[in-house]
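Below is one structure; the comments refer to it alone.
Ligands are counted one by one from 1 in listed order, and the atoms in each one are counted from 1 as well. Heads up: numbering here begins at 1 and tracks the sequence.
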Amino acid sequence: MAIADSIVVLTGAGISAESGIATFRGPGGLWEGHRVEDVCTPEALARDPLLVHRFYDARRAALAGVEPNAAHRALARLDAEWPGELLIVTQNVDDLHERAGARRLLHMHGELLSALCASCGARRAWRDDLPPGTACVDCGAPALRPDIVFFGEMPYDMDRIDAALARADIFVSIGTSGAVYPAAGFVQTARWHGAQTLEINLEPSGGSHLFDESRMGAAGKLVPAWVDDMLASISP
Ligand code: OAD
């Protein structure tokens with residue numbers, strides 16, 4: 001393996017499951033007691049802003065009670081030590097990758113610890129509750145909302161992600177069901193550009209057949225092992 005190999009890692013809710021954050025499509029298909037469509041669409045926000053804001057307030061507050069796990073820490077180690085290009089693209093809105101120390105990281109579906117102004121588009125770090133009608137610090141409009149990419153909205157940083165996928169030698173998908181596009185299509189893009197593709201997930205996902213290799217099991221065990229192998233491959 002060449003030292004300059006370029007890696008793209010995609011993570012989903014499964015990587016934070018062992019930290020105690022519920023996945024989206026777990027038993028019963030509910031996310032913390034709600035259907036995803038009731039709290040994660042522009043229509044839901046327009047229909048019942050209080051419900052949606054409170055839902056994300058609760059998720060934001062819950063971050064204080066969780067810690068990064070071995071999988072987050074392993075990816076942070078890869079970030080620190082991998083000499084080639086690396087981009088960790090997470091669909092997760094928690095901050096566990098950065099708390100573990102990852103820096104080469106994008107949150108394509110937004111962040112709990114950020115507020116978005118629906119009027120001027122400004123994004124601001126946000127740690128407290130966010131009641132509907134909160135004024136934007138930048139433009140003054142009472143239009144701050146959770147900085148979450150809802151269904152039907154464009155994920156963040158797609159240009160950067162597409163460029164990284166086009167250059168990737170290795171694409172790894174960790175803890176995602178492959179149910180939500182465009183992230184579910186990254187494996188095909190990466191393959192088309194010639195990357196080796198690996199899936200690490202508790203169970204076969206909808207797109208397992210698209211990967212060159214699938215490793216089934218807990219991310220907290222399999223990700224550190226994969227990172228160890230990657231870093232061993234470049235040690236002199
Ligand atoms: P899902 O809940 O759809 O899938 C989580 C995947 O993680 C499942 O395939 C599980 O089998 C797997 N899993 C669970 N525990 C695991 C563990 N310990 N180790 C490894 N894998 C494990 O979550 P996502 O695929 O992330 O969008 O969902 C994608 C998007 O759908 C989310 O980003 C969210 C949601 O609607 C937005 O909020 C915009």
Side-chain angles (χ1 to χ4, degrees), residues 9-45 52-53 55-60 62-63 66-75 88-97 100 105-114 116 145-158 161 171-187 198-211 213-227:
V9 178
L10 172 69
T11 69
I15 198 169
S16 294
E18 288 160 78
S19 293
I21 298 182
T23 58
F24 295 92
R25 295 171 184 81
L30 296 181
W31 183 28
E32 300 284 351
H34 293 269
R35 294 188 314 155
V36 170
E37 312 88 78
D38 290 339
V39 288
C40 202
T41 61
E43 293 77 19
L45 182 64
V52 174
H53 278 246
F55 179 78
Y56 289 101
D57 285 348
R59 307 276 75 70
R60 193 180 305 110
L63 291 180
V66 296
E67 297 290 336
N69 65 51
H72 298 105
R73 289 194 297 273
L75 290 183
I88 301 168
V89 180
T90 188
Q91 298 169 88
N92 298 344
V93 295
D94 64 55
D95 64 340
L96 295 180
H97 280 303
L105 170 72
L106 289 180
H107 281 273
M108 66 178 290
H109 288 167
E111 298 175 60
L112 285 168
L113 296 180
S114 173
L116 168 70
R145 54 163 269 190
D147 192 3
I148 305 294
V149 175
F150 291 149
F151 282 100
E153 295 179 332
M154 180 61 82
Y156 287 118
D157 296 311
M158 283 308 301
I161 295 169
F171 173 77
V172 184
S173 170
I174 301 168
T176 174
S177 60
V180 175
Y181 282 82
F186 290 174
V187 57
L198 166 67
E199 173 182 52
I200 296 176
N201 208 47
L202 203 53
E203 62 204 358
S205 70
S208 278
H209 62 284
L210 300 169
F211 289 83
E213 188 189 349
S214 291
R215 297 182 192 172
M216 297 298 121
K221 227 179 166 157
L222 296 186
V223 176
W226 172 71
V227 168

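Here E203 pairs with nothing under the side chain to side chain donor-acceptor pair (under 3.5 Å) rule; sequence neighbours left out.
When each atom of ligand 1 is checked for a heavy atom of T23 under 4.0 Å away, the hits are 2 (O). Residue-ligand proximity, L202 to ligand 1, at heavy-atom distances under 4.0 Å covers atoms 11 (O), 13 (N), 14 (C), 15 (N), 16 (C), 20 (C), 21 (N), 22 (C). Near E203, meaning under 4.0 Å from any of its heavy atoms, are these atoms of ligand 1: 9 (O), 10 (C), 11 (O). Proximity to A218 (heavy-atom distance under 4.0 Å) selects the following atoms of ligand 1: 19 (N). Remark: ligand 1 atoms within the under-4.0 Å shell around heavy atoms of A13 are 23 (O), 24 (P), 26 (O). Short contacts between ligand 1 and N201, defined as distances under 4.0 Å to a heavy atom of the residue, involve ligand atoms 6 (C), 7 (O), 8 (C), 9 (O), 11 (O), 12 (C), 21 (N). Of all atoms in ligand 1, numbered sequentially from 1 with element shown, those under 4.0 Å from a heavy atom of G175 are 5 (C), 6 (C), 7 (O), 21 (N).
Only the side chain of E18 comes within 4.0 Å of ligand 1, counting heavy atoms alone; its backbone N, CA, C and O stay farther away. When heavy-atom distances to ligand 1 are checked against a 4.0 Å cut-off, V180 comes that close only through its side chain, counted from C-beta outward. Within the 4.0 Å heavy-atom criterion, the part of F151 lying near ligand 1 is the side chain and not the backbone. The part of A17 lying near ligand 1 is the side chain, judged by heavy-atom distances below 4.0 Å.
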| Chi angles and distances behind the side chain to side chain donor-acceptor pair (under 3.5 Å) call for H97, S16 | CA-CA 9 Å; H97 280 303; S16 294; over 6 Å; no
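Not one N or O on the side chain of E153 forms a donor-acceptor pair closer than 3.5 Å with the backbone of P42. Checking side-chain atoms of T176 against main-chain N and O of T11 turns up no donor-acceptor pair under 3.5 Å.
Note that CE of M216 is 9.0 Å distant from CG of L202, once rounded to the nearest 0.5 Å. Atom CZ of R215 sits about 14.0 Å away from atom NZ of K221, to the nearest 0.5 Å. Remark: S214 OG to L198 CG distance equals 7.5 Å, nearest 0.5 Å. Distance check: S114 OG to R145 CZ gives 10.5 Å after rounding to the nearest 0.5 Å. The line from CD of E111 to CG of N92 is 11.5 Å long, rounded to the nearest 0.5 Å. If you take CD1 on I161 and CZ on F186, they are separated by 4.5 Å, rounding to the nearest 0.5 Å.
Polar contact check, G12 against ligand 1: no nitrogen or oxygen pair lies under 3.5 Å apart. The shortest N/O to N/O separation between F150 and ligand 1 does not fall below 3.5 Å. Ligand 1 has no N or O atom lying under 3.5 Å from any N or O atom of V149, backbone or side chain. Considering backbone and side-chain N/O of N92, none are found under 3.5 Å from N/O of ligand 1.
Considering only non-hydrogen atoms, atom 24 (P) of ligand 1 lies nearest to T176 out of T176, L222, I200.
The shortest separation from a heavy atom of G217 to ligand 1 is under 4.0 Å, placing the residue in contact. A179 does not count as a contact of ligand 1, since none of its heavy atoms falls under 4.0 Å from the ligand. Ligand 1 has C40 within reach: a non-hydrogen atom of the residue lies less than 4.0 Å from it.
A cation-pi contact links R59 to F55, judged by a cut-off of 6.0 Å to the six-membered ring centre and 45° from its axis.
Residues F171 and V89 have side chains not in contact (no heavy-atom distance under 4.5 Å, counting atoms from C-beta outward).
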